[in-house]
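First the structure, in the form of structure tokens, and then the observations on it.
Please read these numbers as outputs of a predicted model, since none were measured by experiment. Numbered from 1 within each chain, the chains take letters A, B, ... in sequence-line order.
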Amino acid sequence: MILGRSFEDMCAQMYYRGKMFGFVHLYNGQEAVSTGFIKLLKKEDSVVSTYRDHVHALSKGVPARAVMSELFGKATGCCRGQGGSMHMFSKEHNLLGGFAFIGEGIPVATGAAFTSKYRREVLKEADCDHVTLAFFGDGTCNNGQFFECLNMAALWKLPIVFVVENNLWAIGMSHLRATSDPQIYKKGPAFGMPGFHVDGMDVLKVREVAKEAIERARRGEGPTLVECETYRFRGHSLADPDELRDPAEKARYAARDPITALKKYLIESSLASEAELKAIEKKIDEVVEDAVEFADESAPPPRSQLLENVFADPKGFGIGPDGRYRCEDPKFTEGTAHV
Amino acid sequence: MWGIIRQKVAAGGGSPVARIRPVVSNLRNYSSAVKQMMVREALNSALDEEMSADPKVFLMGEEVGEYQGAYKISKGLLEKYGPERVLDTPITEAGFTGIGVGAAYYGLKPVVEFMTFNFSMQAIDHIINSAAKSNYMSSGQISVPIVFRGPNGAAAGVGAQHSHCYAAWYASVPGLKVLSPYSSEDARGLLKAAIRDPDPVVFLENELLYGESFPVSAEVLDSSFCLPIGKAKIEREGKDVTITAFSKIVGLSLKAAEILAKEGISAEVINLRSIRPLDRSTINASVRKTNRLVTVEEGFPQHGVGAEICASVIEESFGYLDAPVERIAGADVPMPYAANLERMAVPQVEDIVRAAKRACYRSVPMAAAA
């Protein structure tokens, strides 16, 4: 959680210094949800996220250096600078993005869960019990794709957990203004799956519920809908002036900061001392500083990268005027071919 | 050898799931037993063979299973492969297309059927944003070996919302491959190539072609038959004017070429097969030979496939053109329902003949006679 928080704070700094650009959506305040869920997963399990995906990437194991470089748009980023803040992908860590469109990630996550079931039942890989987590917000719960996928996941008993990060605000639209029945967890049982509501500012509570949901999916009993009540301390993105939210509400949730709460708990139950926690914070600071340095020093993508990876089979660029496939032209790989 | 095409009885009338009764025309007897195959059978056999060759291939869509396919393309596949590989989905294009894409991320090979491509508009976000762009956004980590297929373009009397042609829309997106077959050979070869391809492929069929039969050689019937993506086919060689077309219009263009031949104009008909990547090299080579171009398509004219071909030819072969390029497209109106209006809204053989004559400077007025 500390890594998430420091990382996001550093992102804000870097953005204002001009090192990062475009859309940047920060996760401050919601760390308990990411940590509570993702830390229970195996490496082969998948996570599908939204544009607010930096901390999901970090929790899933993508190195801070790779994420920071990606944000700076350097060739050493996890997607070599081709994705950016909103499109973090990592095949190694089974992070399937990173989607900008609201609700887009939910069917993709359902598809990943489908694959897990298909591999077990049709391809006969008996030990394939991979679970998929789909993270999305309260605004998404009004989108058609969400309901379509709740239906199909329950219908086909897919190993997926739908995690709603209900931070009460969709940019400037309050959840209560946008939704006929604001209690999202109730929408699960309407489709035949259990729906839970949990305090998303308390990482231990989130972890308890997450454990149950993930185990259920792993056993093949089907999907679960978990609504985590959480809050984002910053605006929707770094370009959002955040004027519509009541300062009293912000203060209330700031008092429930998941990191401070966990720290208090650890110290009071003597599971850790102040000094140990300070040491962790210091270590994380170093990791984040190192990530920034690494990203700064990395080179931007070379010119030839522009035309790479559009297709897995580059013959998809077709045949050039000389009758040969364009991708066979040496200028193509140098990035100077006329396409 | 270009084939003898069985004629359809009058266009218009009949349900969308039309069983077109072929009218027997002059059949010549070839010494080698050339088999006739309907496009529907060609697609079915291609799906069957690819599904049996690779257990990762599965089919999903509305009515593909128990109904045997809305247009009977997936007939018999449910019995053969079971409900886990032939999935009947609820009416949730956005949802099941996204599920297909998510499955493709993990190396399964879904074939997503849209009942018609008009319904793909509900899922277009997934086709473009999560399928086409993913390989690029993830910098090569995640490829999407998915095929989106279904009937495209106008059928007979189905009205404005069921007659839209999406070739130009999908062909403008980098990261997608867009194919459109005409004959059974095209249908088999291109569908197999599409399923085997590691990238997202949009496969635009045509409902009115499903019932048409074409001769297929033994090579085409072989289960490893595959056509290359990105290569057009010259259906008929000629030297006076180049006519480019895809899907059903190829049939009309061939008929137009017959008529033109009687008037002394030798037309070269190119069956594009692949809209993206467009085989500019074949088109340009042909125009450099004939010096005149007529592009024909069924879709709307603005920003259409013909517009791209004309631009490409003007850019690369301007000096070779002896006449302005002629572009025929569907009328710039939503498809009307009445049969006579519908006929006027879609290119007919006479329009192609007229345009070709115009390109050859035979005096023919521009406006069509109703």
D88(B) and Y67(B): side-chain donor and acceptor closer than 3.5 Å?
no

Tell me, for N284(B) versus chain A, whether the close heavy atoms (under 4.5 Å) come from the side chain, the backbone, both or neither.
neither

What part of T132(A) gets within 4.5 angstrom of chain B, counting heavy atoms only: side chain, backbone, both, or neither?
neither

So which of K117(A), E148(A), E70(A) has the largest heavy-atom pair count under 4.5 angstrom toward chain B?
E148(A)

Establish, from distance only, whether the side-chain atoms of S46(A) and Y106(B) form a donor-acceptor pair under 3.5 Å.
yes

Under a 4.5 Å heavy-atom cutoff, which of V144(B), D279(B), L108(B), D199(B) has the most pairs with chain A?
D199(B)

Toward chain B, the part of Y325(A) with a non-hydrogen atom under 4.5 Å:
side chain

Pick from N151(A), T110(A), I106(A) with the largest number of heavy-atom pairs that fall under 4.5 Å of chain B
T110(A)

As an exercise: rank R280(B), R276(B), Q122(B), K177(B) by heavy-atom pairs under 4.5 Å with chain A and give me the winner.
K177(B)

Leading residue by heavy atom contact count with chain A [cutoff under 4.5 Å; candidates S274(B), A94(B), S143(B)]:
A94(B)

Under a 4.5 Å cutoff for heavy-atom pairs, which residue among L278(B), D197(B), L87(B), V201(B) has the most contacts with chain A?
L87(B)

In terms of heavy-atom pairs under 4.5 Å with chain B, the winner among L155(A), V48(A), L96(A), L158(A) is L96(A)

Can a side-chain donor-acceptor contact be found between Y170(B) and S120(B) if the only test is distance below 3.5 angstrom?
yes

Is chain B contacted by the side chain of F99(A), its backbone, both, or neither, given a heavy-atom distance below 4.5 Å?
side chain

Does the salt bridge (charged side-chain N to carboxylate O under 4.0 Å, His left out) test come out yes or no for R80(A) and E308(A), once each step is laid out?
CA-CA 11 Å; R80(A) 299 198 302 160; E308(A) 280 175 31; 2.9 Å; yes

Do D186(B) and N271(B) pair up side chain to side chain, a donor and an acceptor below 3.5 Å, judged on atom types alone?
yes

Among all residues two or more places apart in sequence or in another chain, which pass the side chain to side chain donor-acceptor pair (under 3.5 Å) test with Y166(B)?
none

Pick one of side chain, backbone, both or neither for I142(B), based on which atoms fall under 4.5 Å of a heavy atom in chain A.
side chain

Which one of G105(A), A112(A), A153(A) has the most heavy-atom pairs closer than 4.5 Å to chain B?
A112(A)

Contact leader toward chain A among T89(B), D125(B), N129(B), V101(B), where contacts are heavy-atom pairs under 4.5 Å
D125(B)

Is the shortest distance from a Lys or Arg side-chain nitrogen in E49(B) or K192(B) to a carboxylate oxygen in the other one below 4.0 Å?
yes

Do any pairs count as a ring pair (Phe, Tyr, Trp, His ring centres under 6.0 Å) and have a residue in residues 44-76 of chain A, sequence neighbours left out, and if so which ones?
H25(A)-Y51(A), Y27(A)-H56(A), Y51(A)-H236(A), H56(A)-F135(A)

Between P200(B), P174(B), A103(B), P90(B), the one whose heavy-atom pairs under 4.5 Å with chain A are most numerous:
A103(B)

Test: E221(A) and K157(A) ion pair at under 4.0 Å
no

Note: vs chain B, highest number of non-hydrogen pairs under 4.5 angstrom among A100(A), A312(A), G83(A) is A312(A)

Cation-pi check, R85(B) to F58(B): give yes when NZ or CZ is under 6.0 Å from the six-membered ring centre and within 45° of the ring axis, no otherwise.
no

Any side-chain donor-acceptor pair under 3.5 Å between Q145(A) and E104(A)?
no

Proximal component of L176(B), with respect to chain A [non-hydrogen, under 4.5 Å]:
backbone

Is it the backbone or the side chain of S90(A) that comes under 4.5 Å from a heavy atom of chain B, or both, or neither?
both

Under 4.5 Å to a heavy atom of chain A? For K133(B) that would be neither

Counting heavy-atom pairs under 4.5 Å with chain B, which one of F89(A), F147(A), F146(A) comes out on top?
F89(A)

May I ask you to check whether T244(B) and T295(B) show a side-chain donor-acceptor distance below 3.5 Å?
no

